[in-house]
Amino acid sequence: MTAPHRAHFDFTIAFANGGGMHGEGFRLDLPRPDLTAEEIATLLVRHLGLALVSDVELRDLRIVEEAHRGSRGVEVPSEPGAEERVIDLSHPIEAGMVTYPGLPAPTITPFLTREASRERYAPGTEFAMDTLTMIGNTGTYLDAPAHRYADGADLAGLDLGTLVGLPAEVFHLRDAWTAEQRGIRAATLADRDLRGAAVLLDTGWSRHFGTPQYAEGSPFLTGDGARFLVDSGVRLVGIDAINIDDIESGGERPAHSILLAAGVHVVEHLTGLDAVPSRGARFTAAPPAIRGFATFPVRAFATVPPSH
């Protein structure tokens, strides 16, 4: 597949009914790197959703190899013979791993060893059975409403239709937040139709998973961002960071409170989101149906059609 490219430019747009608009340092995803300036201008108008445009002037146009960030109206054609890809977005669970500082690490102990099983089965037949002890908040996990609210649905009460094959809207935000402005706000998420989608926040923070830095200065979703996503009709929100909320805020958890009150599932500690296109993939994160339990690890993954 051709590497993703983006156009960098300044622009001026004039409207047929009067007025205009300007932009500086604009970046636009491209379906292929050999587009003309006129074709890029057309993509720009489509991305911005403009009508009655009479003229578009692009200045300082550069086309660079760069990951797509979600420009609207950009469709990448399928390549002959291409197949659907499956991208694993979960951290493997292993004994002793630390997901969240202060929570117990999982332990794995044998219940029936292969050696002992030989006494129970026919010659040449053996099995291993192990016991896993862990808190539900281990690895990449999903929060059901009961995690926050006593009367909320537990894991067994979740509708699989809200967990499997959801349209994935990935926001690649690795260059959109800073140490001083860690919160992801509504304005950052407002350029798409998100109804029925799994919104996945790619911050790049998963690179620190398993280290002390993972818990310090992590990006998060703000309260206004959570309200916007609920109002937009999303089904699930995931992030590749230690928490959907700011764990350095003194115990406030507005994103959890707003999302789970609306029945929007939360998946934390994702990884590998940079490999998922901004649009076009499907996301799955289904936990086991455990009654009376509210948080549990998932094997989160994205399926990506050949056209992306």
Spell out, yes or no, whether Y121 and F111 are grouped together once hydrophobic residues are joined by side-chain heavy atoms under 4.5 Å, including indirect joins. yes
Is the shortest heavy-atom distance from the side chain of I258 to the side chain of V230 under 4.5 Å? yes
Sub-4.5 Å side-chain heavy-atom contact between P219 and L173: no
Should I290 and L158 be counted in the same cluster of Ile, Leu, Val, Met, Phe, Trp and Tyr side chains packed under 4.5 Å apart? yes
Less than 4.5 Å apart, any side-chain heavy atom of M21 and any of F11? yes
Sidechain-backbone polar pair: T140 side chain, H91 backbone, donor-acceptor under 3.5 Å: yes
Please give me the minimum heavy-atom distance between T203 and A241, naming the atom from each residue. OG1-CB, 4.4 Å
Test salt bridge (charged side-chain N to carboxylate O under 4.0 Å, His left out) applied to D154 and R291, step by step: CA-CA 6 Å; D154 60 14; R291 298 194 186 280; 5.5 Å; no
Residues that Y100 engages under side-chain hydrogen bond (donor to acceptor under 3.5 Å, both in side chains), provided they are two or more places apart: none
Answer whether the closest heavy-atom distance between the side chains of F228 and L194 falls below 4.5 Å. yes
Determine the minimum heavy-atom distance between A7 and L61, stating which atoms define it. CB-CD1, 3.9 Å
Is it true that, when you exclude R182 itself, more than 12 heavy atoms of the residues, nucleotides or ligands shown sit nearer than 6.0 Å to its CZ? yes
Between L260 and V266, does the side-chain contact (heavy atoms from CB on, under 4.5 Å) criterion hold? Intermediate values first, please. CA-CA 7 Å; L260 295 177; V266 173; 4.0 Å; yes
Do V298 and V86 share a hydrophobic cluster (ILVMFWY, side-chain heavy atoms under 4.5 Å, transitive)? no
On a heavy-atom basis, which atom in V237 and which in L221 lie closest, and how many Å separate them? CG1-CD2, 4.3 Å
For the hydrophobic clusters of this structure (ILVMFWY residues joined by side-chain heavy atoms under 4.5 Å, transitively), does one cluster hold both V98 and L103? no
Greater than 12 external heavy atoms within 6.0 Å of R59's CZ: yes
What is the minimum heavy-atom distance between A146 and G152, and which atoms define it? CB-O, 3.4 Å
Closest heavy-atom pair, L273 versus L201, reported as atoms and distance to 0.1 Å, is CD1-O, 3.5 Å
Is it true that a side-chain atom of S206 and a backbone atom of T271 form a donor plus acceptor pair closer than 3.5 Å? no
Under 3.5 Å, side chain of D10 to main-chain N/O of G25, donor-acceptor pair present? yes
I244 side chain reached by R253 side chain, heavy atoms, under 4.5 Å: no
So, do V199 and V170 sit near enough that their side-chain heavy atoms are less than 4.5 Å apart? no
Just by distance, do the side chain of T284 and the backbone of G165 share a donor-acceptor pair under 3.5 Å? yes
Backbone N or O of A300 within a donor-acceptor pair of the S90 side chain at under 3.5 Å? yes
Quick one: side-chain hydrogen bond (donor to acceptor under 3.5 Å, both in side chains) partners of R118, sequence neighbours excluded? E126
Short question: side chain of T42, backbone of E38 - any donor-acceptor pair under 3.5 Å? yes
R279 versus R192: any side-chain heavy-atom pair under 4.5 Å? yes
How about Q181: does its CD atom have over 12 heavy atoms from other parts shown lying under 6.0 Å from it? no
E252 atom CD, neighbour heavy-atom count above 12 within 6.0 Å: no
Would you say P254 and T222 make side-chain contact, with heavy atoms under 4.5 Å? no
What's the verdict on side-chain contact (heavy atoms from CB on, under 4.5 Å) for T131 and I108, showing C-alpha distance, side-chain angles and the deciding distance? CA-CA 6 Å; T131 298; I108 301 174; over 6 Å; no
Can a donor-acceptor pair be found between the side chains of E66 and H8 at a distance below 3.5 Å? yes
Strictly below 4.0 Å, N to O, side chains only: are R32 and E39 in salt-bridge contact? yes
Backbone of L270 reached by a side-chain donor or acceptor of D240 within 3.5 Å: no
Determine, step by step, whether E268 and N243 satisfy the side-chain contact (heavy atoms from CB on, under 4.5 Å) criterion, reporting the C-alpha distance in whole Å, the side-chain angles of both residues, the deciding distance to 0.1 Å, and the verdict. CA-CA 6 Å; E268 294 165 320; N243 204 290; 3.3 Å; yes
Measure from the ring center of Y149 to the ring center of H256 and say whether it is less than 6.0 Å. no
Please name the residue in the list I184, L200, L189, D202 that meets the side chain to side chain contact (heavy atoms under 4.5 Å, CB included) test with F171. L189
When you measure from the side chain of D246 to the backbone N and O of F220, does any donor-acceptor pair fall under 3.5 Å? no
NZ/NE/NH1/NH2 to OD/OE distance under 4.0 Å, R299 and D88: yes
Considering all heavy atoms of both residues, which atom of P297 and which atom of G136 are nearest to each other, and what is their separation? CD-O, 3.4 Å
Can you tell me how the ring of F9 sits relative to the ring of F26, calling it parallel under 30°, perpendicular over 60° and tilted otherwise? tilted
Under 3.5 Å, side chain of D193 to main-chain N/O of R195, donor-acceptor pair present? yes
Ignoring hydrogens and angles, tell me if any N or O in the side chain of S232 forms a donor-acceptor pair with the backbone of V234 under 3.5 Å. no
Going through the distances and angles, do L142 and T295 end up as a side-chain contact (heavy atoms from CB on, under 4.5 Å)? CA-CA 6 Å; L142 179 141; T295 298; over 6 Å; no
Residues R148 and D143 bridged, charged N to O under 4.0 Å: no
Centroid separation Y141 to H269 less than 6.0 Å: yes
